[in-house]
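These notes are about the structure you will find just below.
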Amino acid sequence: MSARKIFAAILLAVMAASGSFADVTPKQVLRDPRFYPHVEATREKGADFLPGRYVCTKELPSRTDGQEILAPTNTIIEIGKFDSTINAYPFISDTHGGKQSEGRITLDTESEAPVLTYYTKNDAGEYEIAGKSYAALTLSESDYGWLTGRVSDGEITCLIPANEVYYPEGWYLGAWKCRDGTQFTFEGNKASSGGHEVGTFTVSDNRITVTASDGSSDTIYALWNPYRNVLVMTFTSGPDGMGMNAGSFERMEISPKPVPETEAEHEPKPSEPQMPEEFPPMPDVKMPPQDINIDGVWGAYYDGHQLITQFQGSNYYGWIDGQPSEMGIIRVEGSTITGSNNKGVDFTAELELDGTGKFLSMKFPNGNVIHYQRLQ
């Protein structure tokens, strides 16, 4: 899936702008550059790729700065294979802390813009429409996913496959730190926060449930980002009274454990340094912003043209409609990119990379924004 935002972009800016006063129209959807490139793939292959088990994501406030990022939620949906007897795909929606619900989904690829329609049973036991969403299958050689925008108001849900790409064996293990200073370590079956053990943990799908010594438990909803080597974690509460929120956690180094020693060997010698027994308060420091890694090949549709851009270290190369257009040097500092091209033009832009590293937005000082999708 070429799966702030698995997707820097919230799928349909045009859709979101429509507000809640009227349904989003197919024409609005098809004008959006983050949707229409996927229409043909959705028509051709959507039916084959729809069945599967998915983690549902949506925009949630970032615990770092309050702005929204695309993050995993407490809902997992499993879509079965097409059933010709009901002319639909059966599904089970599992919301953690709630009850499972069953229903049916249809995928209409013949309509002006592809649409998913959800059906659930009413009190009389009859199936009725529970909701409709425009759908886009984002597909690459080794990855795929679904971007959906609710017809009624454009709200986005991204369906991320709960497979080995995003959830390989041990995907959660290690020490992780967010820019706000929050730290978690998951090692063995022990969970630590800020260097202090907080309990044991278990993992099921995207759910990391931590159980304290007093028996109380809390669940974190997480998504491993293989493209940026970060763990996006969603919490039910946050700092300063913040409600449900999410953070992007970078991997930290873990010091190796000492080899077990005999009791006599373990006794410190007078000349040896003494092992500290507890942590002092964490220093009040601010981490410098981490440079965004944009190495790779990116594609975009802009003003009716196809753009292909390759970032390779400190160089970049650009093609427009298949023809070489420019190349040059770049420098990325935090979320800002500056550079010069071979025509002597200097430029700068602000970068926004989604939670999986697959969607990149470049905002220029004049207000223009190019929404890229990772191709390689």
Side-chain angles (χ1 to χ4, degrees), residues 1 3-11 53-78 93-98 100 145-148 150 155-163 165-168 171-186 191-194 198-199 201-212 216-252 352-359:
M1 177 177 43
R4 198 180 149 183
K5 302 173 179 173
I6 283 174
F7 302 160
I10 276 302
L11 171 60
R53 188 171 177 83
Y54 298 96
V55 171
C56 298
T57 70
K58 69 177 184 180
E59 281 200 309
L60 291 170
S62 166
R63 63 189 296 115
T64 303
D65 54 19
Q67 296 190 19
E68 292 188 329
I69 62 174
L70 201 68
T73 68
N74 60 349
T75 299
I76 292 173
I77 184 170
E78 185 158 7
S93 178
D94 178 11
T95 299
H96 188 245
Q100 290 188 348
W146 289 86
L147 288 76
T148 73
R150 199 158 58 190
E155 182 177 272
I156 298 305
T157 297
C158 297
L159 305 181
I160 307 304
N163 60 19
V165 175
Y166 296 98
Y167 296 96
W171 57 272
Y172 49 85
L173 294 175
W176 307 91
K177 184 174 182 179
C178 186
R179 281 190 300 166
D180 71 346
T182 306
Q183 297 181 29
F184 280 97
T185 300
F186 302 106
S192 301
S193 179
V198 294
F201 73 94
T202 58
V203 177
S204 176
D205 289 309
N206 72 324
R207 301 161 183 174
I208 304 174
T209 300
V210 179
T211 303
S216 61
S217 64
D218 199 6
T219 298
I220 300 168
Y221 309 103
L223 171 71
W224 160 243
N225 176 349
Y227 303 98
R228 292 185 58 202
N229 192 23
V230 298
L231 196 63
V232 181
M233 293 196 278
T234 299
F235 306 87
T236 55
S237 61
D240 303 322
M242 180 185 292
M244 182 171 280
N245 66 95
S248 181
F249 287 72
E250 305 283 346
R251 189 184 291 276
M252 302 166 56
E352 289 185 2
L353 194 62
D354 74 291
T356 63
K358 294 179 145 189
F359 283 81

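In this text the structure is predicted, and so the values were computed from the model without any measurement. Reckoned from all heavy atoms, side chains included, excluding hydrogens, waters and symmetry mates.
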Keeping [X] on the side-chain end and [Y] on the backbone end, is there a donor-acceptor pair under 3.5 Å?
| X | Y | result |
| --- | --- | --- |
| Arg207 | Asn74 | yes |
| Asp218 | Thr209 | no |
| Thr157 | Thr148 | no |
| Ser193 | Gln183 | yes |

Item to check | Lys/Arg N to Asp/Glu carboxylate O, Glu250 vs Lys177, below 4.0 Å | outcome: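 Result for this pair is no, no salt bridge flagged.
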
Rounded to the nearest 0.5 Å, what's the gap from [atom1] on [X] to [atom2] on [Y]? Could you check?
| X | Y | atom1 | atom2 | answer |
| --- | --- | --- | --- | --- |
| Ser204 | Ile76 | OG | CD1 | 6.5 Å |
| Asn206 | Ile160 | CG | CD1 | 11.0 Å |
| Phe201 | Phe184 | CZ | CZ | 12.0 Å |
| Leu60 | Glu68 | CG | CD | 7.5 Å |
| Leu147 | Cys158 | CG | SG | 4.0 Å |
| Thr219 | Ile208 | OG1 | CD1 | 9.5 Å |

Next on the checklist: As a quick check of understanding, evaluate side chain to side chain contact (heavy atoms under 4.5 Å, CB included) for Trp176 and Met252, giving each step before the final call.
Outcome noted: CA-CA 5 Å; Trp176 307 91; Met252 302 166 56; 5.9 Å; no

Next on the checklist: For Asn225, give me all partners under side chain to side chain donor-acceptor pair (under 3.5 Å), at least two apart in sequence or on another chain.
Outcome noted: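 Asn225: no side chain to side chain donor-acceptor pair (under 3.5 Å) contacts found.
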
Would you say that [X] contacts [Y] through its side chain, given a criterion of any heavy-atom pair below 4.5 Å between the two side chains?
| X | Y | result |
| --- | --- | --- |
| Val198 | Ser192 | no |
| Trp171 | Leu231 | yes |
| Thr182 | Phe249 | yes |

Next on the checklist: The test is side chain to side chain contact (heavy atoms under 4.5 Å, CB included); show your working for Thr95 and Ser93 and say whether it passes.
Outcome noted: CA-CA 6 Å; Thr95 299; Ser93 178; 4.3 Å; yes

Which heavy-atom pair separates [X] from [Y] by the least distance, and what is that distance?
| X | Y | answer |
| --- | --- | --- |
| Met233 | Ala222 | CG-CB, 3.9 Å |
| Ile69 | Gly247 | CD1-N, 4.1 Å |
| Val232 | Leu70 | CG1-O, 4.1 Å |
| Thr73 | Lys58 | CG2-CG, 3.5 Å |
| Trp224 | Pro168 | CD1-CD, 3.5 Å |
| Pro72 | Thr57 | CA-CG2, 3.9 Å |

Next on the checklist: The test is side chain to side chain contact (heavy atoms under 4.5 Å, CB included); show your working for Leu223 and Tyr166 and say whether it passes.
Outcome noted: CA-CA 7 Å; Leu223 171 71; Tyr166 296 98; 4.0 Å; yes

Next on the checklist: Apply side chain to side chain contact (heavy atoms under 4.5 Å, CB included) to residues Tyr172 and Ile220 and explain how you reach the verdict.
Outcome noted: CA-CA 11 Å; Tyr172 49 85; Ile220 300 168; over 6 Å; no

